[in-house]
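Below: one structure, written as structure tokens.
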Amino acid sequence: MSSFEPKIVAFLCNWCSYEGADKAGNAHFESPYNILPIKVMCSGRVEPQFVMEALRDGADGVLILGCHPGDCHYKEGNYKTLRRQILLDKFLEEMYINPRRVRLDWVSAGEGEKYSLVTKEFTEAIRKLGAFKLDELKEAKLAAR
Amino acid sequence: MGANKPKVALYWAASCGGCDCAVVDIGEPLLDVASKVEFVLWPVAMDFKYHDIMDMPDKNIDLCMFNGAVRSEEQEEIAKLLRQKSKIMVAWGACAQLGGIPGLSNFSTQENTMKTAYEDVPSVQREDKKIRPQLKTKVPEGELRLPRNFEKVMRLDQVVDVDYYLPGCPPTPEQTAKFLLAVLAGQLPPKGATFGENKTLCDECERERKQKKVKKFQRAFEKKSDPTLCLLDQGYTCMGPVTRGGCGTLCIKANMPCTGCYGPNDNTEDVGAAYISTLASIVDSDDPKEAKKILDDLTDVAGMVYRYSLPSTMLKKEIKPKKE
Amino acid sequence: MAKIGVYICKCGGTIADATRFDEIVKAAQAIPDTVVKTDDLFCGADGQDIIGKDIKAGLIDRFVTIACSPKMHSQTFGKVCQAGGLNPYMLHMVNIREQGIWMTPDPDQATEKIIRMLKAGVARARLLQPLEQKEIEINPDVMVVGGGIAGVEASLALAKAGRKVYLVEKQAGFGGIIPKLEHTYPSNECAPCILAPRAKEFMDCESIVPLNACTVKSVIGFGGNFTITLQQRPTFVIPKNCISCMMCIEDCPATGLNAYNGNMNTRKAMDFYFPGCVPKAPSIEWDMCVRSKGENCTKCKDACGFDAVDLEQKPHEVEVKVGTVILATGADVYDPRKVYPGLMDGKTEVYSGMDFERITSTTGPTQGKIVKRDGQPPKSVAIIHCVGSRTEKHLPYCSGVCCKYALKLAHSVKHAIPDCEVTHIFYDLCLEGEKFQKQVNELKHEGVRFWNWHMDENGIADLKRNGDKVTVSGKGMDGLASSFDADMVVLATGFAPSADALDLVKQFSLTQHGGFITVEHEKIRAVCSTSEGVYLVGTLNGPKDITASVTEAKAAVGEILSTYVAGRKLKLEPMVAAVDPDICCGCKTCVSMCPYNAPTYDEKGNVVVVSEVLCKGCGTCVAACPSGAMTSKNFTSEQIVSEIKGVLS
């Protein structure tokens with residue numbers, strides 16, 4: 001029986017994490033092929049609708065990588081992403097989706113190794129969670145009520 | 001009765017009756033409308049039978065106003081019947097358009113809903129708590145059947161092809177009258193359109209908007225609001241910015257934050273996604289701990305944003321009407 | 001009908017070798033409306049030619065490169081577009097090298113990932129729209145706000161490059177902090193000697209317009225085109241007529257405490273701002289002048305034989321149009337009265353660092369003689385470090401200059417009074433570099449004591465008046481109490497943000513943190529503010545010394561000369577946010593999002609408009625917009641969603 005290969009959509013910001021990913025590639029640090037990158041100018045562009053779109057179109061996990069807080073090329077974009085993530089986590093759980101399927105992290109332009117580590121870690125975490133199914137937490141949550 | 005009066009059917013499915021009340025609330029102009037049409041079905045107000053509809057030729061009804069969500073076999077059956085027999089099918093009100101309040105049932109399961117209603121509510125006083133409504137019951141006269149409830153509550157356009165949507169919970173009497181008169185005059189928007197404004201509610205709201213930086217969210221009962229200022233600016237979760245306009249800001253004028261009953265505008269795919277983005281973005285803190293504390297005041301976020309539209313969330317398997 | 005070009009690069013064989021290349025090509029060919037071609041090296045001349053021919057033939061109206069990172073060759077392919085007459089925004093680059101084969105060694109896995117990215121890239125390319133890169137005229141003139149050393153150096157550098165500069169200074173005289181100093185650390189150079197020749201230069205320079213006694217009143221416009229209204233305060237003197245005979249000063253009847261010298265001496269209402277100030281003329285300190293109390297005194301005017309006194313001067317506005325602004329208004333030296341409130345009474349021998357500087361200065365209240373208030377030289381001087389610094393109670397940071405000037409003052413004392421016992425009371429010493437270490441060693445050799453005491457949130461030392469001396473007490477690092485008396489105590493305080501900065505923040509739509517104006521990026525855009533065309537130099541953006549301030553001034557000049565090139569138009573970023581006024585409801589969420597103040601609310605239309613000049617294209621406001629009225633050019637929701645669907649298909 002073949003092991004489950006998750007599909008993970010990763011949003012990378014042009015100035016930090018996209019460069020960090022390139023840096024990882026330049027240094028030939030491995031990153032799982034399950035990670036499907038989409039470039040945005042700033043992690044602040046990533047809205048909950050994109051995360052939800054990814055999940056409903058077949059993603060098992062969503063990774064958002066931005067600049068470290070305080071370093072955003074556009075000053076404050078990543079702070080908004082951070083706040084949206086807090087509320088999105090709550091919302092996803094209420095919609096019976098495991099919020100651990102969506103992760104926000106910070107990778108700077110020089111952090112090729114971190115890109116490799118974060119993508120590997122997240123891919124394994126999603127592999128353990130298994131394929132995403134809508135209402136995956138519903139039964140358990142209703143039983144617990 | 002005039003021979004060529006347009007035939008109008010009004011039907012209520014999983015509904016509270018509010019849309020029908022809104023029709024009556026039109027008041028005197030309703031008499032004018034009523035004189036121009038022939039009602040062929042209006043369960044809440046008039047005594048017509050399903051057979052009257054079944055016996056009609058197809059496309060005999062000029063306008064069918066269908067309110068309420070579809071959650072039972074009967075509602076689905078009648079929706080399909082009315083679609084077959086009607087030229088214009090209108091999803092009338094939030095329930096038919098988006099799923100409405102009954103749609104919140106989709107947070108639960110059919111079994112859980114039944115369990116709550118027949119076992120868990122304090123007013124149930126039975127030893128044998130496992131009682132459930134039976135789909136079939138034999139009686140001396142024959143067999144009685146109850147329509148089966150579906151696992152999920154659906155919008156009207158998930159079971160039949162819909163021509164127009166009239167938003168609101170309920171659509172205001174003014175908007176309903178306007179729509180009926182537009183149909184009677186043959187002034188119809190393009191097929192599939194939602195009748196009313198496309199700009200969201202802030203466009204109509206007379207309150208002053210200063211800046212959107214919220215340090216604390218609160219509910220209407222927790223603190224007295226300033227009636228001249230934007231409610232969202234003040235930290236009340238007013239859904240005006242994500243809600244289609246046209247209602248005249250009735251609730252906001254009564255100091256109640258908008259709960260989003262007109263649903264999103266044409267440019268918003270998912271009202272929940274849009275509103276959580278806005279709410280989180282306007283939190284006035286860059287410190288994750290402080291931001292979490294501020295956002296922790298929001299309980300039941302999914303319930304709040306999807307109060308009228310859970311069956312319309314992006315996070316579901318898409319159900320399209322089966323082509324006959 | 002024009003199609004989408006899909007150019008799959010073999011990258012000299014590396015991509016072909018690391019994947020099942022044919023499968024990738026087949027996958028591309030299976031997508032409708034595509035023209036799929038491969039080459040060994042699309043970035044090479046031959047490869048570029050292939051693309052160029054397809055564009056010229058009208059075969060494609062947009063294309064995708066399936067190759068290396070856009071960081072590598074976006075310029076190369078951008079040029080290919082331009083050469084073919086194709087809008088450069090009709091190009092999308094899919095990175096399957098750095099983010100493909102180079103991080104995915106297994107060819108099967110790499111192939112699968114690449115095919116997904118290819119589908120996403122083509123889906124996005126399908127939705128690309130040509131974007132116009134607009135240009136605006138820029139005004140080459142510059143305004144420098146703040147006539148301290150940083151502002152002066154910036155003005156001179158700009159004038160040298162042929163720019164016209166408006167140098168605006170709040171006080172009646174230019175110079176800032178430098179004229180207050182006698183020496184500068186670490187080399188003990190004469191401070192006024194640094195400024196004096198520069199001051200003459202800028203006063204003589206034709207392209208520098210000196211505007212003293214002026215502050216910024218209001219600002220409209222944006223980077224490249226500012227209209228700034230200045231408020232000009234009357235000095236009541238016309239400098240070009242004045243020959244500095246000082247007859248007006250002699251005859252002036254009003255005397256008051258001289259704040260420039262820490263109220264340690266007096267000045268007349270009509271007096272020089274400081275001896276040797278530029279412009280070389282006295283001015284009236286209005287609050288001291290009897291005319292401000294209603295008296296019709298004209299003694300100064302009567303005394304002047306050169307028509308240099310004009311008592312009719314009124315405050316008025318001056319409007320100036322410039323393209324860029326350098327803000328160099330400095331910071332305040334923290335007032336130690338806030339730390340030792342009872343002691344700074346003008347009688348106790350406790351002095352702020354700056355006041356002690358004035359005492360050591362030849363232009364100061366004692367003409368440079370280091371003496372106590374009774375006129376006698378001190379037998380002992382204690383210098384307390386970190387006064388009001390590094391504590392939440394006052395300034396929660398180290399200013400990095402106070403330990404250094406403390407050494408300088410110790411040196412001045414020992415030089416003037418070799419037998420004087422000088423003691424430094426410190427917790428840490430912030431002294432990097434060889435020169436400072438040398439100074440410490442020399443001072444120690446001369447008998448200067450360096451005592452390392454314990455510091456808490458109140459500071460390092462307690463001070464108490466003891467007759468005509470001051471008792472300095474505290475806890476040593478060993479925990480034992482320590483105390484001694486000193487004839488004079490000097491309090492080394494750091495830089496506090498000045499209130500002027502907050503006005504500038506409002507006027508220029510900037511941001512501040514703890515009172516200091518924030519720069520755009522602390523490493524690579526350390527003199528740029530968050531408003532395009534506005535630069536921040538000197539202590540305005542954080543505590544620093546003269547060297548760093550002047551360096552920043554030159555850096556800002558460099559930024560201006562390279563970005564706002566005279567005669568060249570400024571290209572605007574086309575990937576900006578835009579609002580559809582037919583959808584916008586005027587909720588103003590976006591206005592609260594933007595650190596660049598790009599969205600502005602139009603009250604009349606109840607809609608928001610995004611300035612194409614100010615918008616940097618981050619898209620944060622677009623994500624926050626509740627009604628779908630906002631769009632991010634080239635990063636529309638439709639485009640991003642098409643990529644999401646593409647990678648998952």
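Scope of the values below: all heavy atoms of this structure, side chains included, with no hydrogens, waters or symmetry mates.
In this structure, A:L55 and B:M314 have side chains that are not in contact, with every pair of non-hydrogen atoms separated by 4.5 Å or more.
Just one of B:K316, B:K317, B:K152 meets the salt bridge (Lys or Arg N to Asp or Glu O under 4.0 Å) condition when paired with A:D135; it is B:K152.
With chain B as the partner, the residue from A:M52, A:K80, A:E53 showing the most heavy-atom pairs under 4.5 Å is A:M52. For the options B:V301, B:L310, B:T278, heavy-atom pairs under 4.5 Å to chain A are most numerous at B:V301. Contacts with chain A were tallied for B:T313, B:D270, B:D300, B:D287; B:D300 has the most, counting heavy-atom pairs under 4.5 Å. Between chain A and the options B:G303, B:A274, B:P288, B:A302, the largest number of non-hydrogen pairs under 4.5 Å is found for B:A302.
In this structure, A:F91 has its ring center closer than 6.0 angstrom to the ring center of B:Y306.
Using non-hydrogen atoms only and a strict 4.5 Å limit, the part of residues 100-108 of chain B facing chain A consists of B:N106, B:F107, B:S108.
With a 4.5 angstrom heavy-atom cutoff, A:Y96 touches chain B only via side-chain atoms. With a 4.5 Å cut-off on non-hydrogen atoms, B:D286 touches chain A through its backbone and its side chain both.
Rounded to the nearest 0.5 Å, atoms CD1 (B:I276) and CD1 (A:I86) are 12.0 Å apart. Expressed to the nearest 0.5 Å, how far NZ of B:K292 lies from CG of A:D89 amounts to 9.0 Å. For the atom pair CD1 (B:I294) and CG (A:L87), the distance works out to 12.0 Å, reported to the nearest 0.5 Å.
Shown here is A:E139, whose CD atom has no more than 12 heavy atoms of other residues, nucleotides or ligands within 6.0 Å.
Side chain of A:Q49 to main chain of B:A273: no donor-acceptor pair is present (N/O by atom type, distance under 3.5 Å, no hydrogens or angles). For A:R83 (side chain) and B:S285 (main-chain N/O), a donor-acceptor pair under 3.5 Å exists by modelled atom type. Counting only distance, with no hydrogens or angles, the side chain of A:R56 and the backbone of B:L315 share no donor-acceptor pair below 3.5 Å. Between the A:K90 side chain and the B:L298 main chain, a donor and an acceptor come within less than 3.5 Å of each other.
For A:R84, there are no salt bridge (charged side-chain N to carboxylate O under 4.0 Å, His left out) partners, not counting sequence neighbours.
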